[in-house]
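These notes concern the structure reproduced below.
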Amino acid sequence: MRNKRIITLVLCALMSASIVGCGSKNTAGKSGIPDGTYTGEGNGKGGKIVVELTMKDEKIEDIKVKEHGETPGYADALDKMSAEMVAKNTIEVDMVSGATLSSTGILEAVKDAFSKTGVSADKLVAQEGQAEDEVREAEYSADVIVLGGGGAGLTAAIEAAQNGASVILVEKMPMVGGNTLISGGEMAAPSNWLQGEEAIEDSKDQFYEDILKGGDNENNPELVRVLADNATEDAEWLRDEVGVTFEDYMLFFGGHSVKRSLVPKDASGVELIEKLSAKAEELGVITHLNTAATELVQEDGKVVAIKADYKGEEIKYNATNGVIVATGGFGSNLEMRVKHNPDMNEKILSTNSVGSTGDGIVMAEALGADIVDMEYIQTYPTCDPETGTLLYVGDVRLEGRSILVNKEGKRFVEELERRDVISKAVVEQTDSVSYMFWDESAMEASKVNVKHKKEYDQLIAEKKLVKANTIEEAAEFFGIDAEELKNTVAKYNEYAQNGKDLEFNKRGELVPFAEGPYYIMKSKPAIHHTMGGIKINTNAEVVDKNGEVIKGLYAAGEVTGDIHGTNRLGSDAIADITVFGRIAGRNAATVK
Ligand code: ADP
């Protein structure tokens with residue numbers, strides 16, 4: 001196997017002593033930029049970014065990121081861009097694709113810091129140099145090639161490596177993670193280790209029935225059976241073998257019949273991706289970032305290689321055993337969305353990573369793979385009304401402790417209904433938004449202001465969330481009918497006291513609202529998950545339109561169709577990527 005990764009660090013430009021040797025065109029001493037350390041601020045995806053810029057001999061000597069709220073992955077963009085600014089002695093560097101908000105934030109912060117030198121930034125004399133570059137060979141080979149480094153791809157890579165295969169994973173973005181990284185990472189697991197403590201009765205069969213019902217029975221029952229039967233064992237695998245830390249509480253996701261969803265540390269996909277990446281690395285999986293798979297290569301009916309693009313260069317990856325497609329969904333591909341479901345047009349915001357462009361579906365379709373359920377596109381009901389970012393403060397709903405009202409102050413849907421049902425109901429309300437209402441005791445029980453502090457503070461600052469002492473005050477902040485909201489709360493409390501919601505039959509335990517302060521959060525639906533994609537069998541092998549297996553080709557995760565039917569239930573995606581990622585990895589590694 002030829003898989004040596006050559007990383008060339010072009011350090012010379014970083015070291016002022018060797019600048020002449022690197023062909024620098026800098027002429028020091030003429031621009032009048034004073035030496036010193038300057039602080040600047042910008043706004044990234046996760047809020048404030050603070051940098052410290054050090055100027056010496058008219059050159060950018062160092063940029064330190066002192067404060068930021070970017071999630072891992074996006075945070076890499078800050079390091080990458082500041083290293084490049086130092087190397088090239090300029091602020092005008094390219095943004096990191098897929099991390100636009102983080103890139104804009106660091107640019108803004110460095111510009112702000114530089115402005116404090118009192119000299120215009122165009123006085124900086126750019127020099128040739130590169131912070132870091134990776135030299136690639138034209139061809140690589142491994143037993144298994146995995147396309148996409150989200151949850152499914154990393155899981156498949158780990159399982160393949162654990163079964164003795166050499167593995168190369170190619171990821172088109174500058175970081176691994178995909179939609180999994182930006183998700184809450186919760187995982188449905190029937191009869192799991194926490195349910196006993198709350199005396200919740202559950203079973204694989206009950207989970208199976210919930211998935212089918214949630215997907216309007218459009219799901220492939222054989223695949224659902226595999227998912228339901230393996231989810232809990234695979235959650236234990238994540239915990240025990242991969243080292244994922246789970247919280248000691250669960251969430252009640254909409255459409256499930258019982259509370260069964262495990263929550264990773266900090267209720268964030270970051271925990272999953274960090275632990276999966278570390279495990280993959282430990283097992284010797286080679287990851288090539290910035291590498292977009294473009295074509296599956298078939299010889300004598302078997303997929304034997306892929307072609308990929310690395311910064312404009314074509315690279316071939318040969319797969320002795322097989323290729324696993326784990327490139328995620330197509331929520332960020334507007335054209336593809338509208339082609340299959342005209343309602344999912346440019347007016348609908350998206351929670352998705354920019355990498356979710358359906359590439360794997362296109363590549364597999366070119367080989368004759370059966371592509372199914374493409375019209376089923378799910379929106380998440382409670383997202384930022386301006387950016388479409390999924391709002392985790394809204395998890396108070398999944399604890400059963402909030403209600404959704406409209407501008408008229410009335411409830412309009414069961415708060416633990418399926419995502420598609422709630423989203424549809426929200427769109428029909430005034431301004432197509434909903435207002436989530438809860439009280440202080442729900443806040444204390446859910447702790448969403450602590451668990452998601454950054455988001456909480458940001459929402460308050462952006463006036464999308466209000467905390468007020470009285471219901472009237474909270475309602476007036478958003479122009480909601482305060483009298484009607486008070487009536488709604490009184491009615492809900494009556495239902496809670498009698499143990500039955502007479503209007504919407506809300507599932508789970510009903511807890512009445514008590515003393516203030518009260519909270520209201522404004523939100524709207526945004527595209528979240530694409531249910532359609534590549535058809536697979538229970539071995540995660542890709543099948544063609546005649547139902548025949550395409551040899552050497554496997555798929556797992558959001559890129560596949562047929563599993564969730566019309567609608568995926570919350571927290572079933574992590575179960576899906578883990579179960580089918582493992583199956584794909586194992587089978588690709590051990591195929592004869
Ligand atoms: P899943 O949950 O199924 O793992 P994710 O969205 O988490 O899906 O991960 C899919 C990953 O695949 C993302 O990191 C995305 O950037 C990557 N990806 C998408 N298209 C390509 C491609 N053509 N080549 C390599 N990686 C890709």
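Positions are given from 1, in the same order as the sequence printed here. Order of appearance sets the numbers: ligands from 1, and atoms from 1 within every ligand.
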Only pairs under 3.5 Å count here: list side-chain donor-acceptor contacts from residues 359-367, not counting sequence neighbours, and write none if there are none.
| residue | atom | partner | partner atom | Å |
| --- | --- | --- | --- | --- |
| Asp359 | OD1 | Thr357 | OG1 | 2.7 |
| Asp359 | OD2 | Lys172 | NZ | 3.1 |

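The protein atom (non-hydrogen) at minimum distance from atom 3 (O) of ligand 1 is Glu558 N, 2.8 Å. Scanning the protein for heavy atoms near atom 5 (P) of ligand 1, the closest one is Asn179 N, 3.5 Å. In terms of protein heavy-atom proximity, atom 9 (O) of ligand 1 is closest to Gly150 CA, 3.2 Å. Protein heavy atom nearest atom 16 (O) of ligand 1, with residue, atom name and distance: Glu171 OE2, 2.6 Å. Atom 8 (O) of ligand 1 has as its closest protein heavy atom Gly328 CA, 3.5 Å. Counting only heavy atoms of the protein, atom 26 (N) of ligand 1 lies nearest to Lys172 N, 3.1 Å. In terms of protein heavy-atom proximity, atom 21 (C) of ligand 1 is closest to Thr327 CG2, 3.5 Å. Closest protein heavy atom to atom 4 (O) of ligand 1: Ala152 N, 2.8 Å.
Contact atoms of ligand 1 toward Ala292: 24 (N) (distance under 4.0 Å to a heavy atom of the residue). Near Gly177, with a cut-off below 4.0 Å to any heavy atom, the atoms of ligand 1 are 7 (O). Each of the following atoms of ligand 1 lies closer than 4.0 Å to a heavy atom of Ile577: 1 (P), 2 (O), 3 (O). Distances below 4.0 Å separate heavy atoms of Gly557 from the following atoms of ligand 1: 3 (O). Contact atoms of ligand 1 toward Gly355: 16 (O), 19 (C), 20 (N) (distance under 4.0 Å to a heavy atom of the residue). Listed by atom number, the atoms of ligand 1 under 4.0 Å from Val170 heavy atoms are 25 (C), 26 (N). Here is the list of ligand 1 atoms found below 4.0 Å of a heavy atom in Thr291: 24 (N), 25 (C). In the vicinity of Gly151, heavy-atom distances shorter than 4.0 Å reach the ligand 1 atoms 4 (O), 7 (O).
Every heavy atom of Leu154 sits 4.0 Å or more from the atoms of ligand 1. Ligand 1 lies nowhere less than 4.0 angstrom from a heavy atom belonging to Ser353.
Between Met173 and ligand 1, no pair of N/O atoms sits closer than 3.5 Å.
Under a 3.5 Å cut-off, the side chain of Glu159 and the backbone N or O of Arg582 do not form any donor-acceptor pair. Panel note: side chain Asn163, backbone Ala589; no donor-acceptor pair is recorded below 3.5 Å.
In this structure, Lys339 places its NZ atom where only 12 or fewer heavy-atom neighbours from other residues, nucleotides or ligands lie under 6.0 Å away.
Residue contacts with ligand 1, taken as heavy atom pairs separated by less than 4.0 Å, involve Asp359 solely via side-chain atoms from C-beta onward. When heavy-atom distances to ligand 1 are checked against a 4.0 Å cut-off, Val176 has no atom that comes that close, whether in backbone or side chain. When non-hydrogen atoms are compared, ligand 1 lies under 4.0 Å from the backbone of Thr180 as well as from its side chain.
Taking only non-hydrogen atoms, the option from Gly148, Ala326, Gly331 nearest to atom 10 (C) of ligand 1 is Ala326.
Side-chain atoms of Glu541 and Asn587 form no donor-acceptor pair, as typed in the model, at a separation below 3.5 Å. A donor-acceptor pair shorter than 3.5 Å cannot be found between the side chains of Glu171 and Thr291. Judged purely by distance below 3.5 Å, without hydrogens or angles, the side chains of Gln195 and Asp202 pair a donor atom with an acceptor atom. Residues Thr351 and His528 have side chains that bring a donor and an acceptor to within less than 3.5 angstrom of each other.
With Ser102 as the partner, the side-chain hydrogen bond (donor to acceptor under 3.5 Å, both in side chains) test is satisfied by one option alone out of His68, Lys45, Glu70: Glu70.
Ion pairing of Asp562 with Lys535 is present here, as a side-chain N (NZ or NE/NH1/NH2) and a carboxylate O approach within less than 4.0 Å. Taking the charged nitrogens against the carboxylate oxygens, Asp420 and Lys424 have no contact shorter than 4.0 Å, which rules out a salt bridge.
The nearest pair of heavy atoms linking Arg568 to Met531 is N-SD, 3.5 Å.
Classification of the Phe207-His256 ring pair by plane angle, with boundaries at 30° and 60°, yields parallel. Classified by interplanar angle (parallel below 30°, tilted 30° to 60°, perpendicular above 60°), the ring pair His452/Tyr392 is parallel.
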